[in-house]
Protein chains: 2
Amino acid sequence: MDALSVAQRKLMPEMSELLKKRYQILQTIYLEQPIGRRTLSEVAGATEREIRKETDLLRNQQLIEMKTAGMTVTSQGVEVLEKLKVFVREISGLTDMEIELQTILGISKVVILPQDSDEIPAVKSHIGKEAARLLEVLFGRYKKIAVTGGSTMAAISKELSIGKPNRALQFIAARGGLGEDVLHQANTIAAAFAEKTGGSFKTLYLPDHLSVEAFAMMMKEPVIKEMMDLYDQTDIVVHGIGNAEEMAVRRHSSLEEVEKIRSGGAVSEAFGYYFDKDGKIVYRIRTAGIQLEQVQKASTILAVAGGGSKARAILSYFKNAPNPTVLVTDEGAARKIIELTKKLEEL
Amino acid sequence: MDALSVAQRKLMPEMSELLKKRYQILQTIYLEQPIGRRTLSEVAGATEREIRKETDLLRNQQLIEMKTAGMTVTSQGVEVLEKLKVFVREISGLTDMEIELQTILGISKVVILPQDSDEIPAVKSHIGKEAARLLEVLFGRYKKIAVTGGSTMAAISKELSIGKPNRALQFIAARGGLGEDVLHQANTIAAAFAEKTGGSFKTLYLPDHLSVEAFAMMMKEPVIKEMMDLYDQTDIVVHGIGNAEEMAVRRHSSLEEVEKIRSGGAVSEAFGYYFDKDGKIVYRIRTAGIQLEQVQKASTILAVAGGGSKARAILSYFKNAPNPTVLVTDEGAARKIIELTKKLEEL
DNA sequence: TTTAATGGGACAAAAAACGTCCAGCTAGAA
DNA sequence: TTCTAGCTGGACGTTTTTTGTCCCATTAAA
């Protein structure tokens, strides 16, 4: 930050919070446009009155327009968003926090987005957008992308921009149906990625909880074997990180499984693997899908997870995460991770 | 102004006014320190409550300190003042106005200080300080400085910093006693300048309103003649600009004089000359002092005058002012001058 | 010792902000 | 076409903040 901005903040300390708030509102409108006051106030985590006050101002400044369909950002507004992007990151201390997280997690790149997705739903879209931008850059070099499921992954697919179709891209569902909501299954996500980018996709349909015998037999099937080979050739892996218990519940795991996960002290989950607080594999779901070794062979791994509630899981997963991993997260998770780490150091 | 600041102002329009206000308060404290709330509120033209609110904030930001003797600016505060100086000028539009005034008045340099000295007494000090800084630079090259009287000139003398004594400097009273307050006479001012800079000074004592005969005789006196020669060698002339009528009254001019000034349509006054709205000389006081031709021969002329009430006088004087003149004024005068010029153009 | 200034505390009055409705309109779905 | 969900703009009593204006104990200087 330059000396002028430092002096400015010194003379007007209220400015930082105000700027952050307005920026966030403007950004959310941009993301969700057209959107009305009430919907916005819910999604942005503010009262209707406050949203109204700020949007009235934004309109007077010609940064947004209010039509009967809702509010939209003007070209001037988009410009302001771009110009202030780095600055808002600075005053939020996100740039500093990114460096701190890189050290804590032992990886070379972390991107933190403002606010907490646990509190403000729209933040999930911001995370998705950022991840989408990062991916779009990588698409130039890499063509085979394995994707997992989850709501975070779905958020990314929504934010992929529809540019000129890139037929060379191949999206591979990293796992079969894992009992999750269809909309958030790896298969669905792979399809969504392919649709947005104009690429192709490969799905893997295999029911959960097969008997040992049936599973072994299925693995010999050509369709399944083909997928296993594809996993070996994967360039990019994009995945979310889940809380162990939450995932177990969502997947309707058997009592036996839940017991193993519990007793093993599992904290995080990724690609169907459960990790304890030291990053050791506690349990893995017996189903087809990408193997940890295959993930580690990929050129780039993009981990995406946000919200303070995910902090412990992120810390756990990154104990043994492959080094080329890039993490996209939010302020809520980042602050919590730093806080947890500090507490641990004090002991 | 850079793109970042433009975007910032777009998103936070209240910021500009707030920044200006706080900056002005901080600057005034710096200028008058140590100063108390009540005194400050008078001198800065604000209510006690407002001053209190802002100074409490400035203290929390460690920009000022409050002691029993009054408030003082901390080193951090001084730094902020310096860092934001140019920026505050920018957002006040002063930089643009300076260029506009240069065109209107036909001179190469104009310096405008914030606010209006008619409304806020402290602004006079700001003007004095700026003029003092400009002079101090010139002192390196030029040594013979003619000074006139007036409260504005007195303000400059107060703001001259006491650096290492410069014995080479010679201050010459541009005029004899002109019936003004002793404190504001050219003689007194010349002495004050000399004292602050460590230079020498020459005074000219000659009563006003002498008969023609007495005046002619005095001019032959060696003491007086010596001064006349000095005027010829003057490098810098520093002078104020007055309102014609006001000056006439202050100098207790005779009815005859006042009549000439009135009927001639005099608007401005400088060095004892009265000018009408087109810059023509309407009347000149018959007393010893620097001649207009001698002023025009100087290398640099520094005209100093502020306040909306001086706008007409400034416009009048600069109709025929020598080109190397530099004008130091304030926002109040500048805005009024621009306003008057625009009205004139419309007709 | 006196005096004139200082910062801090206090409080009623005024103003602004806030939460929360409703009415009327419109675009898109059925 | 009608219906409906969602939008903006207006309104208004309530709460919170700001404002104007005192007084007081303290302190530094005269």
Side-chain angles (χ1 to χ4, degrees), chain A residues 11-22 24-74 77 119-122 125 158, chain B residues 11-22 24-74 76-77 119-122 125:
Chain A
L11 204 55
M12 301 191 298
E14 327 85 303
M15 189 194 76
S16 296
E17 281 310 308
L18 194 64
L19 182 65
K20 273 197 273 180
K21 187 170 68 185
R22 292 209 182 133
Q24 201 249 326
I25 291 173
L26 187 59
Q27 196 181 32
T28 307
I29 296 173
Y30 182 53
L31 225 50
E32 315 268 326
Q33 64 187 323
I35 186 175
R37 257 186 298 151
R38 256 159 285 217
T39 318
L40 179 59
S41 70
E42 270 175 40
V43 95
T47 64
E48 190 195 328
R49 246 275 155 247
E50 182 155 37
I51 290 291
R52 191 169 183 172
K53 191 180 65 173
E54 300 300 349
T55 50
D56 279 355
L57 180 135
L58 291 177
R59 180 180 45 184
N60 285 338
Q61 292 300 107
Q62 288 153 11
L63 298 176
I64 62 172
E65 272 173 1
M66 286 176 176
K67 303 175 216 155
T68 57
M71 299 176 280
T72 49
V73 177
T74 65
E119 290 160 18
I120 301 168
S125 307
K158 276 184 204 140
Chain B
L11 206 53
M12 301 191 298
E14 329 83 303
M15 191 193 75
S16 296
E17 281 310 308
L18 194 64
L19 182 65
K20 273 197 273 180
K21 186 171 68 186
R22 294 211 181 130
Q24 200 249 327
I25 290 173
L26 186 59
Q27 195 181 33
T28 308
I29 296 174
Y30 181 53
L31 225 50
E32 314 270 326
Q33 64 186 327
I35 186 174
R37 256 189 294 143
R38 262 156 281 221
T39 319
L40 179 59
S41 70
E42 270 175 40
V43 93
T47 64
E48 188 194 329
R49 221 25 196 113
E50 181 154 36
I51 289 291
R52 190 166 183 175
K53 192 179 65 172
E54 300 301 349
T55 51
D56 280 354
L57 181 136
L58 292 177
R59 179 178 48 182
N60 285 338
Q61 292 299 108
Q62 288 152 13
L63 298 176
I64 62 172
E65 271 172 3
M66 285 176 177
K67 303 174 215 156
T68 56
M71 299 176 282
T72 49
V73 177
T74 65
Q76 268 196 71
E119 289 159 20
I120 301 169
S125 307

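By convention in this document, chain letters (A, B, ...) are assigned in the order of the sequence lines, proteins followed by strands, and residues within each chain are numbered from 1.
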query: Donor-acceptor pair under 3.5 Å: do we get one between A:Arg38's side chain and the base of D:dT8?
result: yes

Could you tell me the separation between the [atom1] atom of [X] and the [atom2] atom of [N], rounded to a whole number of Å?
X       : N      : atom1 : atom2 : answer
A:Asp56 : D:dT8  : CG    : P     : 10 Å
A:Lys53 : D:dT17 : NZ    : P     : 12 Å
A:Met66 : D:dG10 : CE    : P     : 11 Å
A:Ile64 : D:dT8  : CD1   : P     : 9 Å
B:Gln33 : D:dA28 : CD    : P     : 17 Å

query: What is the minimum heavy-atom distance between A:Ala122 and A:Leu31, and which atoms define it?
result: O-CD2, 4.2 Å

message: Restricting to non-hydrogen atoms, name the atom on B:Leu11 and the atom on A:Leu57 that form the minimum distance, rounded to 0.1 Å.
response: O-CD2, 3.9 Å

field: B:Arg22/A:Glu14 ion pair, N-O < 4.0 Å
entry: yes

- prompt: Would you call B:Glu54 and B:Lys20 a salt bridge, taking side-chain N to carboxylate O under 4.0 Å as the test?
  reply: no

Kindly list each side-chain donor-acceptor pair under 3.5 angstrom involving residues 43-53 of chain A, sequence neighbours excluded, with atom names and distances?
{"from": "A:Thr47", "atom 1": "OG1", "to": "A:Glu50", "atom 2": "N", "distance (Å)": "3.2"}
{"from": "A:Glu48", "atom 1": "OE2", "to": "A:Arg37", "atom 2": "NH1", "distance (Å)": "2.9"}
{"from": "A:Glu50", "atom 1": "OE2", "to": "A:Lys21", "atom 2": "NZ", "distance (Å)": "2.8"}

- request: Using a cut-off of strictly less than 4.0 Å, decide whether B:Thr68 has a side-chain nitrogen or oxygen near OP1 or OP2 of D:dT26.
  value: no

- prompt: Would one find a side-chain N or O of B:Thr47 under 4.0 angstrom from OP1 or OP2 of D:dT19?
  reply: no

field: Whichever of A:Arg49 and B:Gly70 has its nearest DNA chain C nucleotide further upstream toward 5'
entry: B:Gly70

field: Nearest-0.5 Å distance that lies between atom CE in B:Met71 and atom OG1 in B:Thr28
entry: 10.0 Å

field: side chain to side chain contact (heavy atoms under 4.5 Å, CB included) partners for A:Thr68, two or more places apart
entry: none

message: Please classify the nucleic acid contact of A:Arg52 as base, sugar-phosphate, or nothing, using heavy-atom distances under 4.0 Å.
response: base

message: Counting the atoms with a prime plus P, OP1 and OP2 as sugar-phosphate, which does A:Glu48 contact under 4.0 Å by heavy atoms, base, sugar-phosphate, or nothing?
response: base

- line: Note: chain A reaches DNA chain C at heavy-atom distances under 4.0 Å over the stretch, first to last nt, 5' to 3', of C:dC18 to C:dA27

